[in-house]
A.B. asks: 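Starting off with a structure, shown below.
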Number of protein chains: 2
Amino acid sequence: MKVGTAALTVDAAGMRAQNSSLLLNMIWRERQISRAEIARRTELSPSTVSAIVADLEHSGLVRSIGAGVSRGGRRPTLIGFRDDAFSILGVEMGATHVSVVLTDLRGRVRTHRSAAQQVRNDPEGTLKTVRTLVQECLDAERVPRRSVVGLGVAAPSPVHPSAPGKMSPLILPAWRGYDVREALSTTFDLPVFVDNDANLGALSECYWGAGTSGEDLTYIKLATGIGSGHIIHGDVYRGAGGTAGEIGHIAVDSAGPPCLCGLRGCLVTLIGSGALVERARELMGTKGRKAPTIREIVEGARAGDPAARQIIDGLGQYLGVAVAGLLNLLNPAIVVLGGEISSVGDLLLDPLRASVRKRALSTSMAETRIVTSALGDKSIAVGAATLVLQAALRDRTLFPLQHVGKTA
Amino acid sequence: MKVGTAALTVDAAGMRAQNSSLLLNMIWRERQISRAEIARRTELSPSTVSAIVADLEHSGLVRSIGAGVSRGGRRPTLIGFRDDAFSILGVEMGATHVSVVLTDLRGRVRTHRSAAQQVRNDPEGTLKTVRTLVQECLDAERVPRRSVVGLGVAAPSPVHPSAPGKMSPLILPAWRGYDVREALSTTFDLPVFVDNDANLGALSECYWGAGTSGEDLTYIKLATGIGSGHIIHGDVYRGAGGTAGEIGHIAVDSAGPPCLCGLRGCLVTLIGSGALVERARELMGTKGRKAPTIREIVEGARAGDPAARQIIDGLGQYLGVAVAGLLNLLNPAIVVLGGEISSVGDLLLDPLRASVRKRALSTSMAETRIVTSALGDKSIAVGAATLVLQAALRDRTLFPLQHVGKTA
DNA sequence: AAAACTTCGTTCGCACTGCGAAGAAACCAG
DNA sequence: CTGGTTTCTTCGCAGTGCGAACGAAGTTTT
């Protein structure tokens with residue numbers, strides 16, 4: 001189990017691990033597939049495929065699920081992935097809440113819990129809440145610790161690749177000294193993976209949403225803050241310091257209002273939830289002085305309220321400036337918009353696309369699809385679980401098998 | 001030699017190929033290293049290392065170069081990479097010239113030729129010029145075709161990953177129907193690799209310039225056009241449609257002048273060579289109405305001419321807007337500025353860094369170094385050759401060995 | 001100067017892997 | 001029911017990396 005820095009060498013065992021991983025991924029993707037078909041696609045010999053499938057079957061990750069249709073001879077035995085073989089925990093730490101999901105190996109939510117929690121200034125309380133909710137999820141489904149692959153965490157902060165678990169001292173100063181990974185890993189005795197929330201939203205879309213086949217994708221989270229995450233070559237791209245995707249602080253209007261970060265006209269100051277709500281209070285009838293919620297803006301826009309429509313239009317236009325820059329620089333295949341406000345769909349996409357078209361090269365536009373997320377409000381937490389799934393599908397040893405190596 | 005789509009399977013031969021590649025790269029990087037040291041670093045067994053090195057030695061890529069210093073026992077035999085074992089051709093197609101280099105396996109230029117050539121509207125003439133220059137380079141060094149690994153081409157156009165060789169119909173409409181790769185590959189009977197010029201500038205920096213150890217890097221080419229290239233995980237990143245890095249058409253000033261591309265305030269309209277020269281004519285003494293050249297601006301700035309300094313300052317400020325966006329979105333470890341104007345060094349870097357600091361999150365700034373290129377005017381052509389080198393170091397079979405497989 | 005120790009590189013048998021040929025099993029078509 | 005087809009397994013083979021043992025070539029100690 002070499003985990004050295006350079007170690008990319010292969011020996012006989014590594015060869016098996018690699019091919020085994022390839023097959024496992026193929027079976028997972030196809031849901032059901034015969035040995036013969038696997039052999040054809042991978043160009044591995046039938047004998048090798050049989051041997052590896054036997055291994056996988058023995059470890060409980062796949063199983064035979066009856067016969068398929070004949071192609072003019074003996075009917076193939078279909079192999080299926082056992083989605084329920086293990087569970088995965090996903091945690092979302094939002095700005096004002098914590099939410100936990102327990103999923104199977106297909107990203108389906110089996111149980112979920114959430115609670116209001118001030119995350120920004122209360123690390124101790126947040127960790128306690130997370131622990132409680134996680135335990136509740138485990139208890140609710142009577143899931144033994146043994147059958148949990150790991151725990152993924154979505155944090156509202158950039159995460160440095162070399163120190164996952166530590167929060168950014170600039171974004172979450174109160175978390176100085178805390179290590180989320182460390183803390184939860186010791187509590188539950190599980191592998192813990194931490195990443196930025198927008199990155200995990202992107203991963204979620206890549207696996208369960210708009211990402212059809214692992215193409216490069218960018219996810220933009222429209223909420224209190226504006227964040228984005230990139231999937232490049234099937235992997236979350238984090239940049240040199242883990243801050244790739246901080247689209248919220250791109251300056252789109254040099255004459256705009258000042259931002260907490262010290263700049264002017266940041267995207268977040270113009271289209272963050274706070275700004276939208278503020279704008280709504282100005283434009284919409286302020287019944288009793290109470291500021292409307294994002295949900296009300298969404299409903300208003302759907303109902304045809306001109307003020308709400310106007311807010312969405314403005315959002316689309318500003319966002320278009322940033323997205324145009326994104327397309328020119330990165331040229332992703334898909335851009336997905338998430339966050340509550342994105343549920344207005346075309347009402348947002350139309351002005352956005354128009355704004356982008358005015359600003360991006362037509363070559364980069366032509367190949368890029370811009371869509372809104374179809375995943376629900378648990379997409380970030382599910383994305384956190386997906387981070388674990390992705391790691392395990394690549395390295396089978398992460399599955400908590402009884403390690404029945406044939407040597408034993 | 002499986003080159004299928006999915007094929008990532010490994011058999012015994014693939015295992016050897018992979019380990020062999022690893023060693024080859026290590027020897028290339030270290031220049032000289034003993035078998036024992038290789039074994040320690042790779043965690044391969046000494047016997048395996050010896051066997052593979054024998055293979056490589058037999059193929060002429062490496063050789064023994066005497067003994068190293070003892071570590072308290074027998075002195076190690078140092079193995080060195082034979083930089084001169086093969087040659088590589090690199091071609092730069094600029095806006096108004098074509099330039100060809102013949103390099104060794106260490107990026108050193110052995111011969112070079114260049115000629116004025118209108119590339120944009122004259123595909124036929126351009127290809128002819130390229131053929132002539134390449135042949136001249138080969139003749140000058142009496143290099144037999146057999147010892148050339150391949151030919152790399154830097155094109156002033158985005159290159160679509162699925163059709164390298166075809167130019168973008170929007171940028172170079174006159175090239176419709178031409179396939180550079182096809183054309184040159186048949187002429188010289190060599191593998192041909194084509195990529196965008198800025199991408200290859202980035203690759204050049206990654207191998208021979210500011211890129212110290214394969215960190216993520218962005219290169220920005222300041223010339224007639226403004227382009228950029230990203231190196232991610234040691235590889236050129238091309239995006240979904242090959243247009244990643246089109247930084248030149250990012251809008252930095254919504255009130256700016258209209259651009260050929262149809263937008264307003266594109267970076268290129270503000271800091272492209274044309275704009276700089278135009279500005280210079282306004283500010284500097286226009287002796288005899290003749291517009292100054294970029295070179296004159298550089299010299300003026302160095303000599304302390306306030307007008308030239310002012311131009312450079314403006315350049316730095318505008319560029320800073322785009323770079324700030326780049327840092328927030330991609331968070332590279334290094335940003336390298338290339339192109340003739342970048343030779344003013346700190347005179348440009350100071351205002352640029354100040355501009356960036358005003359606009360980028362301090363977290364992404366902290367980890368990013370911004371520098372000017374130290375490579376000469378042949379860096380793009382050398383980058384084209386490097387593309388070939390990179391491919392061959394990964395897949396040894398690209399070296400035109402006499403394929404003396406031990407079976408023969 | 002000789003002996004003891006250290007490091008380097010090679011040799012050889014072993015275990016494991018994937019492959020290919022052969023064969024058994026299962027199915028379809030006439 | 002027979003011939004052809006496809007699926008899957010069995011078994012011997014070739015190639016690979018590993019580990020132990022060994023010789024080679026230095027350095028350090030006696």
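As the structure is a prediction and not an experimental result, all values here were calculated from the model.
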A.B. asks: For residues 17-26 of chain A, pull every pair meeting side chain to side chain donor-acceptor pair (under 3.5 Å), keeping only residues two or more places apart or in separate chains.
C.D. replies: A/Ser20-A/Arg396
A.B. asks: Quick check for you: among D/dT7, C/dG9, C/dT17, whose closest atom lies nearest to any side-chain atom of A/Ala36?
C.D. replies: D/dT7
A.B. asks: Using whole Å, report how far CD of B/Gln18 lies from P of C/dT17.
C.D. replies: 16 Å
A.B. asks: Okay, side chain of A/Asp104, backbone of A/Val109: is any donor-acceptor separation there less than 3.5 Å?
C.D. replies: no
A.B. asks: Over how many whole Å does the gap from B/Met15 atom CE to C/dG18 atom P extend?
C.D. replies: 10 Å
A.B. asks: Residues in side-chain hydrogen bond (donor to acceptor under 3.5 Å, both in side chains) with B/Asp395, at least two apart?
C.D. replies: B/Thr397
A.B. asks: Angle between ring planes, A/Trp28 versus A/Phe81, binned at 30° and 60°: parallel, tilted or perpendicular?
C.D. replies: perpendicular
A.B. asks: Can you pull every protein N or O that's under 3.5 Å from an N or O on nucleotides 24-26 of chain C?
C.D. replies:
| from | atom 1 | to | atom 2 | distance (Å) |
| --- | --- | --- | --- | --- |
| C/dA25 | N3 | A/Arg74 | NH1 | 3.3 |
| C/dA26 | N3 | A/Arg74 | N | 3.4 |

A.B. asks: Check whether any side-chain N or O of B/Thr77 sits under 4.0 Å from OP1 or OP2 of C/dG9, and answer yes or no.
C.D. replies: yes
A.B. asks: Closer than 4.0 Å, any side-chain N/O of B/Ser47 to the OP1 or OP2 of D/dC18?
C.D. replies: no
A.B. asks: Rounded to whole angstrom units, what separation is found between the CG atom of B/Asp11 and the P atom of C/dG20?
C.D. replies: 9 Å
A.B. asks: Give the rounded distance in Å between these two atoms: CG of A/Leu78 and P of C/dC27.
C.D. replies: 13 Å
A.B. asks: Of the nucleotides C/dG18, D/dG17, D/dC8, which has the atom closest to the A/Ser34 side chain?
C.D. replies: D/dC8
A.B. asks: Whole-Å distance between C/dC16 C1' and A/Ile52 CD1?
C.D. replies: 13 Å
A.B. asks: Rounded to whole angstroms, how far apart are CZ on B/Arg71 and P on D/dT27?
C.D. replies: 14 Å
A.B. asks: What heavy-atom pair brings A/Val149 and A/Pro400 nearest, and what distance separates the two atoms?
C.D. replies: CA-CD, 4.1 Å
A.B. asks: Report the residue (A/Gly72 or A/Pro76) whose heavy-atom-nearest nucleotide on DNA chain D is the more 5′ of the two.
C.D. replies: A/Gly72
A.B. asks: Could you tell me the separation between the CG atom of B/Leu389 and the CD1 atom of B/Ile88, rounded to the nearest 0.5 Å?
C.D. replies: 4.5 Å
A.B. asks: So if I take every side-chain heavy atom of A/Arg35 and compare against D/dT6, D/dC8, C/dG18, which nucleotide ends up nearest?
C.D. replies: D/dC8
A.B. asks: Which of these nucleotides, D/dG17, C/dC19, D/dT7, is closest to any side-chain atom of A/Arg40?
C.D. replies: D/dT7
A.B. asks: Specify the separation, in whole Å, of atom CG of B/Asp55 and atom C1' of D/dG15.
C.D. replies: 12 Å
A.B. asks: Return no unless some side-chain N or O of A/Thr48 is found under 4.0 Å from OP1 or OP2 of C/dG18.
C.D. replies: no
A.B. asks: So does A/Ser70 get a side-chain nitrogen or oxygen closer than 4.0 Å to the phosphate oxygens (OP1/OP2) of D/dT5?
C.D. replies: no
A.B. asks: Once you apply a heavy-atom cut-off of 4.0 Å, does A/Val49 come out as touching a base, just sugar-phosphate, or nothing?
C.D. replies: nothing
A.B. asks: Look at the side-chain N and O atoms of A/Arg16 and state whether any lies under 4.0 Å from the OP1 or OP2 oxygen of C/dG18.
C.D. replies: yes
A.B. asks: B/Ile38 CD1 to C/dT7 C1': how many Å, rounded?
C.D. replies: 16 Å
A.B. asks: With a 3.5 Å distance limit and no angle check, can you tell me whether B/Ser34 reaches the backbone of B/Leu78 through a side-chain donor-acceptor pair?
C.D. replies: no
A.B. asks: Indicate the atoms forming the closest heavy-atom contact of A/Val194 with A/Pro164, along with that distance.
C.D. replies: O-CB, 4.4 Å
A.B. asks: Looking at B/Asn19, I'd like to know whether one of its side-chain N or O atoms comes within less than 4.0 Å of OP1 or OP2 on D/dT16.
C.D. replies: no
